[in-house]
Amino acid sequence: MAFFDGFEEFDIAAAGTTIHGRRGGSGPPVLLLHGIPETHLMWREVAPRLAEEYTVVATDLRGYGDSGKPPSTPDHEPYSMRAIGRDQLEVMAALGFDRFAVAGHDRGARCAYRLALDHPEAVERLAVMDVVPVGAAYDRADRDFSLAYWQWSFLAAPEPVPERFLDAAPANLVEHMLDAWTAVPGAVPADVRAEYVAKFRDPATVHAVCEEFRASATLDFEHDEADRGQRTIKCPVLVLWAEHGEVAQLYDDPLEVWREWAGDVRGGPIAAGHFIPEESPRDTTQRLLAFLNHG
């Protein structure tokens with residue numbers, strides 16, 4: 001798309017599926033990972049600026065966008081963040097990068113921190129946006145959490161309940177998320193919204209996304225619990241959260257939550273709703289550049 005002028009498009013085989021994305025720029029590698037209900041298009045305002053100093057790789061996560069939607073299993077393992085992270089590791093290796101920085105938003109942030117825990121030799125710096133670790137989130141879950149993060153229960157409901165609702169009216173989910181979680185009017189323009197909705201019109205995408213949320217409540221939580229107190233994130237971590245989002249409302253100090261998982265943690269709020277890179281691209285880019293430049 002015109003947003004990624006100068007970027008090359010790719011489809012790379014990884015772990016029984018294919019990962020779609022774009023690559024641009026030159027310099028040290030940075031991997032950008034998106035959240036729900038988006039694709040790599042969410043980085044459209046951030047990636048070109050980063051590409052002036054870095055090699056930027058922006059992908060669609062397994063199950064999303066134009067990446068593959070492989071069959072799942074009863075335990076949902078193909079859609080665990082461990083499996084999704086392996087895809088990204090293979091993509092970066094195929095592009096010639098054994099060590100790289102990674103920045104993720106929402107679901108992409110969950111993939112990013114699991115990648116940093118599982119493959120510390122590969123992740124040089126980690127930026128996570130508007131999340132706390134899934135284990136910490138469930139540990140602190142209460143009535144407010146349940147209402148704020150309704151999608152965690154709805155999308156993780158047994159197959160085929162959420163799939164049938166979403167297949168009947170996929171735009172309802174996408175438009176509601178973009179409207180309810182955004183604080184900056186016009187941050188997601190009509191053509192970008194249409195692209196996000198179009199991807200959710202594919203029943204395979206809907207099923208894959210539901211499987212990912214089912215894996216979150218089971219395997220991802222179990223993986224976090226197994227690591228708690230045993231493994232930490234070894235690289236520097238930048239934590240950004242939306243000033244007008246649920247993380248700010250639910251957690252007194254997100255940095256303290258992350259310090260249970262990493263020794264080098266810094267960051268703070270950004271004046272935006274949940275979709276930080278789309279609502280505040282300039283501030284997001286500046287924070288990322290300062291972090292990547294070891295500021």
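Note that the coordinates shown come from a computational prediction; the quantities given were computed from them, not determined experimentally. What's counted below: heavy atoms across the whole structure, side chains too, no hydrogens, waters or symmetry copies.
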Heavy-atom pair of closest approach, residues [X] and [Y]:
{"X": "Phe7", "Y": "Val56", "answer": "CE2-O, 3.9 Å"}
{"X": "Ala116", "Y": "Ile233", "answer": "CB-CG2, 4.1 Å"}
{"X": "Ala208", "Y": "Lys69", "answer": "CB-CG, 4.1 Å"}
{"X": "Pro203", "Y": "Asp167", "answer": "CA-OD1, 3.6 Å"}
{"X": "Arg23", "Y": "Phe10", "answer": "N-CE2, 3.9 Å"}
{"X": "Val188", "Y": "Arg44", "answer": "CA-NH2, 4.0 Å"}

Okay, side chain of [X], backbone of [Y]: is any donor-acceptor separation there less than 3.5 Å?
{"X": "Ser26", "Y": "Thr55", "value": "no"}
{"X": "Asp106", "Y": "Ile36", "value": "yes"}
{"X": "Glu195", "Y": "Leu41", "value": "no"}
{"X": "Arg110", "Y": "Val132", "value": "yes"}

When rounded to the nearest 0.5 angstrom, what distance separates [atom1] in [X] from [atom2] in [Y]?
{"X": "Asp11", "Y": "Thr59", "atom1": "CG", "atom2": "OG1", "value": "11.5 Å"}
{"X": "Asp98", "Y": "Leu89", "atom1": "CG", "atom2": "CG", "value": "8.5 Å"}
{"X": "Arg193", "Y": "Leu178", "atom1": "CZ", "atom2": "CG", "value": "5.0 Å"}
{"X": "Arg214", "Y": "Ser80", "atom1": "CZ", "atom2": "OG", "value": "14.5 Å"}
{"X": "Trp258", "Y": "Leu126", "atom1": "CH2", "atom2": "CG", "value": "6.5 Å"}
{"X": "Ser280", "Y": "Leu240", "atom1": "OG", "atom2": "CG", "value": "9.5 Å"}

State, yes or no, whether a side-chain contact exists between [X] and [Y] at a heavy-atom distance under 4.5 Å.
{"X": "Phe145", "Y": "Arg140", "value": "no"}
{"X": "Lys199", "Y": "Asp66", "value": "yes"}
{"X": "Glu278", "Y": "Val192", "value": "yes"}
{"X": "Glu246", "Y": "Tyr149", "value": "yes"}
{"X": "Tyr196", "Y": "Glu175", "value": "no"}
{"X": "Trp43", "Y": "Leu50", "value": "no"}
{"X": "Leu166", "Y": "Leu155", "value": "yes"}
{"X": "Gln286", "Y": "Asp283", "value": "yes"}

Any side-chain donor near an acceptor of the partner, [X] and [Y], under 3.5 Å:
{"X": "His223", "Y": "Arg114", "answer": "no"}
{"X": "Glu279", "Y": "His274", "answer": "no"}
{"X": "Asp220", "Y": "Tyr79", "answer": "no"}
{"X": "Asp224", "Y": "Tyr113", "answer": "yes"}

For [X], does the [atom1] atom have more than 12 heavy-atom neighbours from other residues, nucleotides or ligands under 6.0 Å away?
{"X": "Arg99", "atom1": "CZ", "answer": "yes"}
{"X": "Asp252", "atom1": "CG", "answer": "no"}
{"X": "Phe165", "atom1": "CZ", "answer": "no"}

(request) Might you work through the side chain to side chain contact (heavy atoms under 4.5 Å, CB included) test for Gln88 and Arg62, ending with a clear yes or no? (result) CA-CA 9 Å; Gln88 302 303 321; Arg62 171 188 292 223; over 6 Å; no
(request) Answer with yes or no after comparing the ring centroid distance for Tyr251 and Trp241 against a 6.0 Å cut-off, counting only values under it. (result)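 Aromatic pair excluded; centres sit 6.0 Å or further apart.
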(request) Determine, using the 4.5 Å side-chain heavy-atom cutoff (strictly less than), whether Leu219 and Trp152 are members of one ILVMFWY cluster. (result) no
(request) Could you state whether Val184 and Ile270 fall into the same hydrophobic cluster, counting links through intermediate Ile, Leu, Val, Met, Phe, Trp or Tyr residues with side-chain heavy atoms under 4.5 angstrom apart? (result) no
(message) Please verify the inter-ring angle class for His34 with Tyr64; under 30° counts as parallel, over 60° as perpendicular, anything in between as tilted.
(response)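 The arrangement is perpendicular - the two ring planes meet at more than 60°.
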(message) Which label fits Trp150 and Phe154: parallel for a plane angle under 30°, tilted from 30 to 60°, or perpendicular past 60°?
(response)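 Ring orientation of Trp150 relative to Phe154: tilted.
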(message) Apply side chain to side chain contact (heavy atoms under 4.5 Å, CB included) to residues Glu77 and Arg82 and explain how you reach the verdict.
(response) CA-CA 8 Å; Glu77 190 279 334; Arg82 177 162 285 165; 5.6 Å; no
(message) Please determine whether salt bridge (Lys or Arg N to Asp or Glu O under 4.0 Å) holds for the pair Glu45 and Arg49, giving the CA-CA distance in whole Å, both sets of side-chain angles, and the decisive distance to 0.1 Å.
(response) CA-CA 8 Å; Glu45 302 290 344; Arg49 174 65 185 90; over 6 Å; no
(message) Quick one, Val265 with Val239, criterion side chain to side chain contact (heavy atoms under 4.5 Å, CB included). Give me CA distance, side-chain angles, the key distance, then yes/no.
(response) CA-CA 7 Å; Val265 178; Val239 180; 3.8 Å; yes
(request) Would you verify whether the NZ or CZ of Arg22 falls within 45 degrees of the ring axis of Phe4 while also being under 6.0 Å from that six-membered ring's centre? (result)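 The answer is yes; both the distance and angle limits are met.
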(request) Let me know which of Leu115, Leu61, Thr17, Ile12 forms a side chain to side chain contact (heavy atoms under 4.5 Å, CB included) with Asp87. (result) Thr17
(message) Walk me through whether Asp139 and Arg228 qualify under side chain to side chain contact (heavy atoms under 4.5 Å, CB included).
(response) CA-CA 12 Å; Asp139 279 353; Arg228 189 189 298 271; 2.8 Å; yes
